[in-house]
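Chain A is the first sequence line, chain B the second, and so forth, proteins listed ahead of strands; every chain is numbered from 1.
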2 protein chains.
Amino acid sequence: MGTVSKALTLLDYFSRQQPEIGLSELTRTSGMNKATVYRLLCELQAGGFVEQAGSDRAYRLGPAVLRLANVREATVPMRDVAEAALRRLSDATGETAHISLMQGDRMAIFAFAYSAAHGIAVRMEDVEFLPLHASSTGLAVLAFSSANLAATALSGPLPAITPHTVTDPERLRTLIAAARAKGHAESLGGIEEDVHSLAVPLFDARGTCVGAAAVATPAARMTRALQDRIVTALHQAAQEIVAHWGGAMPDELRKARTDAI
Amino acid sequence: MGTVSKALTLLDYFSRQQPEIGLSELTRTSGMNKATVYRLLCELQAGGFVEQAGSDRAYRLGPAVLRLANVREATVPMRDVAEAALRRLSDATGETAHISLMQGDRMAIFAFAYSAAHGIAVRMEDVEFLPLHASSTGLAVLAFSSANLAATALSGPLPAITPHTVTDPERLRTLIAAARAKGHAESLGGIEEDVHSLAVPLFDARGTCVGAAAVATPAARMTRALQDRIVTALHQAAQEIVAHWGGAMPDELRKARTDAI
DNA sequence: AACCAATGGTTTGAATAATGAACCAAATGA
DNA sequence: TCATTTGGTTCATTATTCAAACCATTGGTT
């Protein structure tokens, strides 16, 4: 692991849940040497990527990331595209829609939209990452990424987040294979007991899977008809998003997709 | 210069004007070795900080910066605070208001607001960085930062952006000293011939100067009375912004500031 | 077609920077 | 008072980075 990667990894530990981290804590959670972490933080600080908060000497993300995000947005207004598509998707289905992107070996929630159709809906506010094995999103990505990714994901720990979480690697492999065949993935209560979600993969310009779009419903509300409507809407939304991102769909999916629509 | 700093420096070359950069071009503009740039880019790419665009193999900023910016915003909603204050500032003065932050050894425009009072106003859309020696913003920062920064800034090249740009280090030093005494800096046509701007410094929690708030007017519109109104409004806005950012004003400024208000 | 220049990407021993264990001073709390 | 934890620093060892070359491919020119 290169020095730069280490530094970037450090940035990954900052989250909405834990926005400020002290030197010692960061050395503990990252498992790196304290001196190393310190020097990396110094360089990140010099670049404005982290700064030291006022009260204690804890570190938090710095203003440099804002500028970069601005440029990124100006370059590739993905978020706008995604949010517009998600609004349409949630309107069409009456349920919560969201998009997550692969970030290293995790999936980070990228954007989401609620429907006004129901007073009860799946909320996304407090979720930042999704487990690869327990979410429809994660299964969709595993189904359309290199076998490599699936292998490493399934060889790691597979925590049972709910009693319904599938944790058996063999069963997960069949779920992934099914997702690949059908063009979409499914999860019933894998992360929260009463949430039923469906997901389709998203691809970048090189044809590699970068994430997934999903629709999540309260399990009680899911019917066969709604499921069909969601899958159709998901495929359309994914097609649209990928096109706007300058992405390219693999041929195998194009067939499953036209079948579904 | 450490490896991490180099990698972060590479990110700095991406801008709204030049959102995609090829390997060779980046080696040229950065002055680093090609192999070095390549490896750094590979690591940045693995972290999602850059990605390769579809058409050619040029690099552009990646999606990772978006997530970090989200967290940063959730942690320190500086931008919202700044924008609200700038709206008030531009309303109060009838002129364009903006805030820029130190980013390494440059000043990056961070936020701005227009007034509805006039059809003609100074526009900020296409500006991304401000020169330290030619802008009121830059002079304000130099006046309230370490002598070190001023020394390095004045020892480098001082391009004459307009015929009115002050480029003589000695004259700049007196301007900076005046700004320190008065609590605000001034630039008449330093960047654009007909723009008159006033700026006050902003400070972070550690009491170090991190940027400046400024109001820019068409030179023809500036009067003694307007200037007084702007300086007063600037000091109030700066006080408010710094307070919201959890910053601390140096005592020397507090006096000049209360005098002005 | 032959050529040229430029591109992205890869290799090499020699130079340089990163590393990690131990250490320090200051703050905190028992 | 003493023990613990904090942010920060030091220095010999070690791994990484450097610079200059080299490939393979592309696009344009003659």
Side-chain angles (χ1 to χ4, degrees), chain A residues 1-14 18-62 75-76 146 204-208 246 248, chain B residues 1-14 18-62 75-76 104 146 148 204-208 246 248:
Chain A
M1 191 185 201
T3 312
V4 174
S5 297
K6 282 186 191 170
L8 300 181
T9 302
L10 287 183
L11 293 178
D12 257 358
Y13 290 104
F14 295 92
Q18 193 170 24
E20 299 195 358
I21 314 181
L23 173 61
S24 298
E25 190 171 359
L26 202 47
T27 56
R28 252 182 280 112
T29 54
S30 69
M32 302 182 206
N33 183 278
K34 189 166 62 162
T36 305
V37 172
Y38 177 64
R39 260 177 306 96
L40 294 178
L41 280 173
C42 283
E43 292 207 67
L44 289 170
Q45 188 169 31
F49 283 73
V50 303
E51 64 182 11
Q52 287 181 287
S55 51
D56 43 10
R57 284 178 290 183
Y59 294 84
R60 66 182 179 202
L61 292 176
T75 312
V76 191
S146 68
D204 72 1
R206 313 199 101 62
T208 57
Chain B
M1 190 187 203
T3 312
V4 175
S5 297
K6 281 186 190 169
L8 299 180
T9 302
L10 287 183
L11 293 177
D12 256 359
Y13 290 104
F14 295 91
Q18 192 171 23
E20 297 194 359
I21 314 182
L23 173 62
S24 297
E25 190 171 356
L26 201 47
T27 56
R28 252 183 281 112
T29 54
S30 69
M32 302 182 206
N33 184 276
K34 188 168 62 162
T36 306
V37 173
Y38 177 64
R39 260 179 306 96
L40 294 178
L41 280 173
C42 282
E43 291 206 67
L44 288 170
Q45 189 169 31
F49 282 74
V50 303
E51 64 183 10
Q52 288 182 286
S55 51
D56 41 11
R57 285 178 289 182
Y59 295 84
R60 67 181 179 202
L61 291 177
T75 312
V76 192
S146 70
N148 211 324
D204 72 1
R206 311 199 104 60
T208 57

To the nearest Å, give me how far apart [atom1] ([X]) and [atom2] ([N]) are.
{"X": "Leu26(B)", "N": "dG9(C)", "atom1": "CG", "atom2": "P", "value": "12 Å"}
{"X": "Leu10(A)", "N": "dT19(C)", "atom1": "CG", "atom2": "P", "value": "10 Å"}
{"X": "Met32(A)", "N": "dA21(C)", "atom1": "CE", "atom2": "P", "value": "15 Å"}
{"X": "Glu20(A)", "N": "dT6(D)", "atom1": "CD", "atom2": "P", "value": "16 Å"}
{"X": "Lys34(A)", "N": "dA25(C)", "atom1": "NZ", "atom2": "C1'", "value": "12 Å"}
{"X": "Leu41(B)", "N": "dT10(C)", "atom1": "CG", "atom2": "C1'", "value": "15 Å"}
{"X": "Glu25(B)", "N": "dA6(C)", "atom1": "CD", "atom2": "C1'", "value": "12 Å"}
{"X": "Lys6(B)", "N": "dA17(C)", "atom1": "NZ", "atom2": "C1'", "value": "9 Å"}

Task: Closest-nucleotide 5' rank along DNA chain D - winner of Val4(A) and Tyr59(A) - done: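 Residue closer to the 5' terminus by nearest nucleotide: Tyr59(A).
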Which nucleotide in the set [options] lies at the smallest distance from any side-chain heavy atom of [X]?
{"X": "Asn33(B)", "options": "dA18(C), dA20(D), dG9(C)", "value": "dA20(D)"}
{"X": "Glu43(B)", "options": "dT17(D), dT6(D), dG9(C)", "value": "dT17(D)"}
{"X": "Ala35(A)", "options": "dT19(C), dG8(C), dT10(D)", "value": "dT10(D)"}
{"X": "Leu23(A)", "options": "dT7(C), dT16(D), dG8(D)", "value": "dG8(D)"}
{"X": "Thr36(A)", "options": "dG20(C), dT6(D), dA18(C)", "value": "dG20(C)"}
{"X": "Thr3(A)", "options": "dT17(D), dG9(C), dG7(D)", "value": "dT17(D)"}
{"X": "Tyr38(A)", "options": "dG8(D), dA17(C), dG9(C)", "value": "dG8(D)"}

Less than 4.0 angstrom between a side-chain N/O of [X] and OP1 or OP2 of [N], yes or no?
{"X": "Gln52(A)", "N": "dG8(D)", "value": "yes"}
{"X": "Arg28(B)", "N": "dG8(C)", "value": "no"}
{"X": "Arg39(A)", "N": "dA18(C)", "value": "no"}

Task: Glu43(B) side chain vs Ser5(A) backbone, donor-acceptor pair below 3.5 Å - done: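 Judged by distance alone, yes, a pair lies under 3.5 Å.
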- [ ] Determine the minimum heavy-atom distance between Leu11(B) and Phe49(A), stating which atoms define it.
- [x]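 Leu11(B) and Phe49(A) have their closest heavy atoms at CD1-CZ, 3.9 Å.
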TODO: Decide yes or no for Ser30(B) and Leu10(B): does some side-chain heavy atom of the first lie under 4.5 Å from some side-chain heavy atom of the second?
DONE: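 The answer is yes, as the side chains (C-beta and beyond) meet within the 4.5 Å cut-off.
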Open item on the list: Quick check: do Thr3(A) and Thr36(A) have side-chain heavy atoms less than 4.5 Å from each other?
Closed with: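 They are not in contact (no side-chain heavy atoms under 4.5 Å apart), so the answer is no.
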Open item on the list: Any base atoms under 4.0 Å from Gly22(A), or only sugar-phosphate, or nothing? Heavy atoms, all strands.
Closed with: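 It contacts sugar-phosphate atoms only.
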Task: Leu41(B) vs Leu26(B), side-chain contact (heavy atoms from CB on, under 4.5 Å): CA-CA, chis, key distance, verdict - done: CA-CA 10 Å; Leu41(B) 280 173; Leu26(B) 201 47; 4.0 Å; yes
